[in-house]
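To keep things clear, I will list the structure first and then write my remarks on it.
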Number of protein chains: 2
Amino acid sequence: MKALRTESRPPADTRPKGRVRRRQEGAILKAAERVFARAGFEGGTMAEIAALAGLPKANLHYYFGSKDELYRAVLDNILSLWLAETEVITRDADPARALTAYVTAKMHLTATRPDASRVFANEVIHGATRIGDFLRSELHGLVAQRAAVIDHWATEGRIAPVDATHLFFTIWAATQTYADFESQVCAVLGKARLGQADLARATTHVVTITLRSCGLEPAGPPHTSLQ
Amino acid sequence: MKALRTESRPPADTRPKGRVRRRQEGAILKAAERVFARAGFEGGTMAEIAALAGLPKANLHYYFGSKDELYRAVLDNILSLWLAETEVITRDADPARALTAYVTAKMHLTATRPDASRVFANEVIHGATRIGDFLRSELHGLVAQRAAVIDHWATEGRIAPVDATHLFFTIWAATQTYADFESQVCAVLGKARLGQADLARATTHVVTITLRSCGLEPAGPPHTSLQ
DNA sequence: CCGGAACCTGACTGTATGGTCAATTTTTAC
DNA sequence: GTAAAAATTGACCATACAGTCAGGTTCCGG
């Protein structure tokens with residue numbers, strides 16, 4: 001939850017959250033995620049977010065002091081999503097199963113919360129100034145751990161040797177591309193939007209290439225879950 | 001070159017380009033690419049670009065009518081880069097060699113022109129409104145062609161069957177991540193910037209997983225060109 | 001049902017920024 | 001060498017936008 005805490009003022013953190021507050025903040029955050037995803041931090045306006053949330057603009061400033069604070073709250077909200085799902089990667093797990101589960105979960109996230117992915121991507125592209133600490137601590141540590149597990153699999157001969165850290169970069173890139181670069185994917189596929197079938201196909205593909213990267217083949221018949 | 005021609009006014013295209021004009025436009029485009037890469041279209045300011053190019057702001061408006069026109073020029077400049085390099089993928093080529101060459105070229109571009117990659121990424125994330133036509137025509141056609149070649153390789157049994165179109169998505173994502181998400185990669189690797197060694201390692205990795213995705217192994221000894 | 005706290009909001013303001021323009025200097029062509 | 005074309009530039013707008021605030025309304029414990 002409170003993954004991000006770079007340099008905001010210490011007070012105001014223990015605000016009492018009433019019923020109304022929680023509801024309104026939720027609506028604002030949802031609208032903000034959408035707007036920031038579409039236009040970025042600079043491009044999205046408070047008025048736009050307010051309109052989408054069905055509130056007067058001054059209300060946003062009541063709940064979140066400034067645009068920057070609101071943006072940070074959106075990011076904060078998103079970051080927790082990024083950490084989850086890696087717990088399937090353990091020494092004792094079956095590599096094929098674990099990797100399949102991880103990639104599938106990532107793809108599910110991409111399909112479910114594309115705007116979250118886009119806000120995150122936008123922030124990172126522009127230098128990740130607001131989430132640098134998070135990336136350097138939590139994410140760095142997490143990757144080190146999981147990469148060690150994958151290396152361990154390799155030394156035991158259960159998978160072909162791979163650059164485990166870079167494998168994570170590749171998996172993230174391959175999955176998030178279906179959210180961040182959706183327009184491009186759609187244009188190339190000749191579709192207006194990505195349907196469930198497209199995402200299922202994408203998932204199968206990414207799982208396949210991930211497993212093959214480790215010298216494995218997908219369990220069960222190929223193309224298990226089309227549609 | 002003039003890949004982008006969505007809806008700008010027909011005249012002004014055949015402007016006579018003098019010596020001075022060419023030089024100044026070049027400087028402005030270079031500065032603009034940098035600024036737009038760092039801050040996006042909305043975030044980057046004309047004043048900032050002017051300062052970086054060492055010119056008064058009014059000068060930018062003399063050469064490029066508006067901020068939007070300048071941005072389009074930057075994109076236009078970049079798009080041609082995206083099309084190149086696929087010509088190595090032909091029916092008669094050796095799959096391993098061709099794919100290695102293609103991925104290597106893509107990685108080289110990423111390493112050489114990271115700002116170009118970031119501007120492009122930014123545009124696509126935000127809906128690719130300005131380059132939609134390009135993606136739907138040129139890129140779409142190109143991918144269809146090359147995907148057919150890869151499928152052909154598969155039917156001849158020279159590679160394992162893959163989803164060729166999605167393979168392109170994956171290659172693009174995997175390579176561009178080292179430009180677009182450099183901050184994240186750096187944070188996870190615990191470095192301040194990506195050095196040549198890092199990029200060499202990344203290249204080896206992406207080549208490996210691309211080949212393995214097609215059921216191939218890298219030619220020659222692994223880790224050929226570290227450094 | 002009362003008093004205080006939380007919540008709401010229309011009408012403002014200051015400022016950053018894209019864009020204009022007329023006056024001047026530099027370049028180019030003959 | 002000269003006149004026209006191209007290039008330069010400081011000073012100047014108009015607007016869009018984040019942020020403010022005072023005065024109101026609703027909520028809630030006692």
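Heavy atoms only: backbone and side chains are in, while hydrogens, waters and symmetry mates are out. So you know, we letter chains A, B, ... as the sequences are listed, proteins then strands, and number each from 1.
What separates CD of Q24(B) from C1' of dT25(C) is a distance of 14 Å, to the nearest Å. Straight-line distance from the CG atom of N59(A) to the P atom of dG23(D): 19 Å, rounded to whole Å. Taking atom CG of residue L55(B) and atom P of nucleotide dT25(C), one finds them 19 Å apart after rounding to whole Å. Atom-to-atom, CD of E42(A) to P of dA16(C) comes out at 14 Å; the value is rounded to the nearest Å. Remark: C1' of dC27(D) and CZ of R21(A) are 15 Å apart, rounded to the nearest angstrom. Taking atom CD1 on I49(A) and atom P on dC17(D), their separation rounds to 12 Å, with Å as the unit. The NE2 atom of H61(B) sits 17 Å away from the C1' atom of dA22(C) (whole-angstrom rounding). In this structure, the NZ atom of K67(A) is 21 Å from the P atom of dG14(C), given to the nearest Å.
In the model, Y62(B) has no side-chain atom that pairs as donor or acceptor with a side-chain atom of Q24(B) under 3.5 Å. Side-chain atoms of H205(B) and T170(A) form a donor-acceptor pair, as typed in the model, at a separation below 3.5 Å.
Between R136(B) and D133(B), at least one side-chain nitrogen of the basic residue sits less than 4.0 Å from a carboxylate oxygen of the acidic one, meeting the salt-bridge criterion. In this structure, E182(A) does not pair ionically with R193(A), as no charged nitrogen and carboxylate oxygen lie closer than 4.0 Å. Between D76(A) and R72(A), none of the side-chain N atoms (NZ, or NE/NH1/NH2) sits under 4.0 Å from a carboxylate O, so this pair counts as no salt bridge.
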Using atom names, set out every protein N or O paired with an N or O of nucleotides 27-30 of chain C below 3.5 Å, distance rounded to 0.1 Å.
residue, atom, partner, partner atom, Å
dT28(C), OP1, R19(B), NH1, 2.3
dT28(C), OP2, R19(B), NH1, 3.2

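None of F134(A), W82(A), F36(A), W172(A) except one satisfies the ring-ring contact (aromatic ring centres under 6.0 Å, His included) rule with F120(A); the exception is W82(A).
Counting any heavy atom pair closer than 4.0 Å across all strands shown, G43(A) reaches no nucleic acid atom.
F41(A) and Y71(A) have tilted rings, their planes meeting at an angle from 30° to 60° on a 0 to 90° scale.
Nearer the 5' end of DNA chain D, as judged by each residue's closest nucleotide, is the contact made by A47(A), out of A58(A) and A47(A).
Considering only the side chain of Y62(A), dA6(C) comes nearest among dG18(C), dA6(C), dG19(C).
A donor-acceptor contact under 3.5 Å links the side chain of K57(B) to the base of dG19(C).
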